[in-house]
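Numbering of ligands and ligand atoms starts at 1, following listing order. For clarity, every value in this text was computed on a predicted model and none was experimentally measured. In what follows, residues are counted from 1 in the order of the sequence shown.
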Amino acid sequence: MAARYCEVALPVPLRSTFTYAVPAGLNGEDLVGRRLVVPFRNRAMVGVGIAVSDRAPEVARVKEIAELMDTLPAFPPKLIELGHWISRYYLAPIGETFRAMLPPEIELRQDREYRLTAAGRAYLQELASGAESTGAESQDLAVLRQFDSQDGSLSSSRLRRVPGGEALAEKLVRRGLLTAQSVVHHRQTRMQKIVAWKAEEPLAPRLGNRQLAAEERVREILTATRGPLPIGLLMKQAHVSRAAVNRLEKKGRVTTWDEPLTAGEDVWETDFTPPANVLNAEQKQALRDIWRWLVAGKFAACLLHGVTGSGKTEVYLGAIEAALSRGRTALALVPEIALTLWVGRLVRARFGKEVAVLHSGLPDVERAREWWRVRHGEARIVVGTRSAVFAPLENLGLIIVDEEQESSYKQEETPRYNGRDTAVYRASIENAVVLLGSATPSLETYHNARAGKYNLLELTSRVENRPLAEVRIVDLREEFRRQHRAAPVSETLRAAIALRLEEQTQTMVLINRRGYSWSLLCRSCGAFVQCENCSIALTYHKSRQRLECHYCGFSIRPPKQCPKCQGEYMYFVGDGAERVEEYLREQFPKARIARLDRDTVRTKREYQQVLGAFAGGEIDILVGTQMVAKGHDFQRVTLVGVVAADLALGRPDFRAAERTFQLLTQVAGRAGRGELSGEVLVETYYPEHYAIQCAVQQDYAAFYEKEAHFRRMLHYPPFTALATVLVRDRKIENAIRWSRALAACFAPFEERGVKILGPAAAPLARLRREYRFQFVLKSPQRSALGRALSSCLDFCAAREIPATAVIVDVDPASLF
Ligand code: ADP
Ligand code: ZN
């Protein structure tokens, strides 16, 4: 018998699904994985069918599904399974989980439709015939008149013609004169014509020379160099008219189809020739191993541990090729949008239009187009950021997670999943190979490799046996003793830069703090000038003459006096990227200097411009935050300076050492990648710290030993499962009361193997005006931890603690 009910996941912060009746003539089974429009609390909402049932739910009236959105279900079955897992593992509301997995809804527009009731019609007639009316009545009349010509129903967009029309209509609804209903309209998207080469046979020699030349140019571009192109771009590149393209289509030389118009940056527009590298022995060995796992056709997780510059990308490309040759599809995740361009370009150069790119920076229309290209099987390779782990590929054979340790894989809003761990789970249900790549693997991943859960593939040397850059420590305590002043950049680093300017090679300077000064301090009372909304010191930005909060955006002009004690001795403390840049300009007035951080580059294009200028040798010194540290391959950088390398070590967080080690190793990897050898100078006040020592020696194994020891002793991941529960509210009384209630709810779990710390004020005790209290939960058994968290959420629902006030974070990226 056909299933009569369908469980629908709706984007609301509740942990349950909702049951709807399947419309007559349809089978419930066909609705699973499909986007559905359903009535929900007086409006229309888009959800996903995720299960069927035959039993009617215990409610008076089960509403019926209003509409099916797609001919092909948006989600293949494995993605439904993945969504269930995320919701369970991260204790995320199921509807919000599936919403995060959906393609953008470009084809829908929400609207409200009003209808005149019988009472409304009578009132309209009365008003229309009456000679006099009050002001309010004439306003009503203006609205109701709109319905006259429209057989009694109107959409809210039409009502906007009357001033205040929508608000008035809502009033009339309350008076029973109108009814209102939410509807969704399908929107027409603008399309563009794509042209592809079709003819197989050689060109007819009879053609006149000019025509032949045009046809030859089109063929050359569409086959040899570019693949299918939008017609506008083809006309530009081949210097042909629209009529000429139409002629070619009539003759059957080319074929065309329509796709939604690409807005913003055009993915087709890149001209790029990839380097042709011959794989070295280690790269070949890694690929042989991956091939073996692919042939086995079973789940396998591999860690590709390769030092910076060891050529991991070539291994990725080879692995993708191997997966395709086995008839499977492939997914490559990168930690940030900028890298999708870099990696996407390499992959596209190799595999052409089979590649789709997915990330949140794309305009909705373009993202939807790429998404559906993947869903329809037209693209068999996806390159993307975190959320691309939900790409609707079928028959997935390979998932690559580049720089697997990056915290950007963790989503910091509901659902709070980690893209890397989700990739591993997805690979396990797809019987695919997951390849985690890194020069500095996370403790979790390396631990799994050591324990034999993951296969360890190693690239121990740089390509062409280039030496790793030499790393030296600049002990700032000694510098200070010698110089008796603290300049934004140490004398040692300054001299090293001067040398590079003479040699005409390039320098990168990493300072992982934006702004001019970290904070403004009052010498009289010792207080920092703080954000009004957050418990954090404001950062000084000189170019804008503002003190700014990097968490909530609050800003003020720097006060002349201390806001607390009216003291007059205000001091700027700590040098940020803006100050370092200014100092270098003072020191080297002739050098070409640029800065790369979120203050100087706001868009992808600007970012590309700065990096392009640096790669092209138009910049001598590039100053930047961690944005400069990742991935890029610059050939003429011979010096990397790290200013305030130990900044992160002071954070009250169990990953502080790991993050410091990773950042230093990454940035050191930027030096000496070309034929010139490189040097790295690391400025620090704590030269003895093992994170700094091991980074200097570029000794991952030694770092792992030290750090693993610390984690084991203090019960932190990977030796313990960890979760945080944050309670927040604008009213401190609420935050305290709910924290106490939760403490009582957690208490029984102490005896069931869960260690509960807190509630305590969170490290950021106040953020965006909310007071925050935090629990830290630890357990050697993940299942015990899950039960404690689950019962906490049930408790909140029962006690009506708002869902938005309690944030559960499983495997948090940090405790900060
Ligand atoms: P990683 O990601 O491991 O730091 P990349 O993949 O960026 O390293 O490779 C570094 C550089 O080495 C790139 O310019 C790449 O083209 C080049 N390369 C990769 N493999 C080889 C090889 N076998 N021979 C020569 N150059 C190579
Ligand atoms: Zn703030």
Side-chain angles (χ1 to χ4, degrees), residues 272-287 303-320 332-335 338-339 341-347 349-350 400-406 435-441 457-469 515 519 528-539 541 546-556 611 615 629-637 662 665-676 678 698 700 728 730 764-772:
F272 172 67
T273 323
N277 294 318
V278 180
L279 297 188
N280 62 31
E282 283 187 328
Q283 287 170 321
K284 280 190 191 144
Q285 183 54 47
L287 273 178
L303 165 61
L304 179 65
H305 180 204
V307 296
T308 53
S310 58
K312 290 186 285 295
T313 319
E314 285 293 338
V315 176
Y316 299 156
L317 292 172
I320 292 173
L333 300 179
V334 292
L339 291 176
L341 295 179
W342 174 251
V343 177
R345 211 163 59 145
L346 284 167
V347 178
R350 183 106 149 223
I400 292 162
V401 185
D402 185 31
E403 304 291 354
E404 62 83 28
Q405 80 287 352
E406 284 289 335
L435 182 60
L436 309 177
S438 178
T440 52
L457 314 175
E458 291 195 286
L459 306 178
T460 54
S461 57
R462 282 189 158 182
V463 295
E464 299 177 329
N465 289 319
R466 284 173 197 149
L468 282 166
S519 47
F528 290 107
V529 180
Q530 286 218 344
C531 176
E532 263 189 12
N533 311 319
C534 313
S535 51
I536 201 90
L538 294 171
T539 305
H541 289 258
R546 305 295 285 181
L547 289 175
E548 295 181 4
C549 173
H550 286 181
Y551 287 88
C552 75
F554 171 82
S555 82
I556 50 169
L611 287 185
K630 282 176 207 157
H632 316 289
D633 197 22
F634 301 114
Q635 302 281 313
R636 289 191 64 78
V637 175
Q662 284 163 349
T665 312
Q666 291 288 337
V667 72
R670 298 309 114 208
R673 291 172 75 91
E675 266 140 33
L676 308 163
Q698 303 192 50
Y700 179 82
R728 57 176 187 180
R730 287 209 173 181
L764 254 173
R766 195 159 165 262
L767 180 65
R768 297 190 191 90
R769 294 177 176 264
E770 288 178 326
Y771 293 90
R772 296 145 50 94

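- The closest approach between any non-hydrogen atom of Gly306 and ligand 1 is not below 4.0 Å.
- Any N or O atom pair closer than 3.5 Å counts here, and Gln635 shares no such pair with ligand 1.
- Heavy-atom proximity to Thr308, at under 4.0 Å, picks out these atoms of ligand 1: 4 (O).
- In this structure, the side chains of Leu764 and Ser535 come closer than 4.5 Å at one or more pairs of heavy atoms.
- In plain terms, the two heavy atoms of Tyr700 and Ala439 that are nearest each other are CD1-O, 4.3 Å.
- Checking Leu279, Asn277, Thr313 against atom 5 (P) of ligand 1, the nearest heavy atom belongs to Thr313.
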Self-check item: side chain to side chain donor-acceptor pair (under 3.5 Å) between Asn533 and Arg769, intermediate numbers included
Solution: CA-CA 4 Å; Asn533 311 319; Arg769 294 177 176 264; 3.0 Å; yes

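- Taking both residues in full, the closest heavy atoms of Leu538 and Gln530 are given as CD1-O, 3.6 Å, listed atom of the first, atom of the second, then distance.
- Protein contacts to the Zn ion (ligand 2) involving N, O or S atoms at a distance below 2.8 Å are Cys531 SG, Cys534 SG, Cys549 SG, Cys552 SG.
- Cys549 approaches Ile536 most closely through the heavy-atom pair SG-CG2, 3.9 Å.
- Considering every non-hydrogen atom in both Ala286 and Leu304, the closest pair reads CB-CD1, 4.2 Å.
- Each of the following atoms of ligand 1 lies closer than 4.0 Å to a heavy atom of Asn280: 23 (N).
- Closest non-hydrogen pair, Glu532 versus Arg766, comes out as O-NH1, 2.8 Å.
- Not a single N or O atom of Arg466, backbone or side chain, sits closer than 3.5 Å to an N or O atom of ligand 1.
- For Val278, every heavy-atom contact with ligand 1 shorter than 4.0 Å involves the backbone, none the side chain.
- Closest approach of Lys284 and Leu279 over heavy atoms only: CE-O, 3.7 Å.
- Listed by number with element, the atoms of ligand 1 under 4.0 angstrom from any heavy atom of Glu314 are 19 (C), 20 (N).
- Looking at Glu314, its side chain never comes within 3.5 Å of a backbone N or O of Gln283 through a donor-acceptor pair.
- Taking distance alone, with nitrogen or oxygen atoms compared against 3.5 Å, Glu464 stays at or beyond that limit from ligand 1.
- Atoms CG and CD, from Leu459 and Gln285 in turn, are 10.5 Å apart once rounded to the nearest 0.5 Å.
- Salt-bridge check for Arg768 with Glu770: failed, with every basic side-chain N at 4.0 Å or more from each acidic carboxylate O.
- For ligand 1, none of its N or O atoms has an N or O atom of Val463 under 3.5 Å away.
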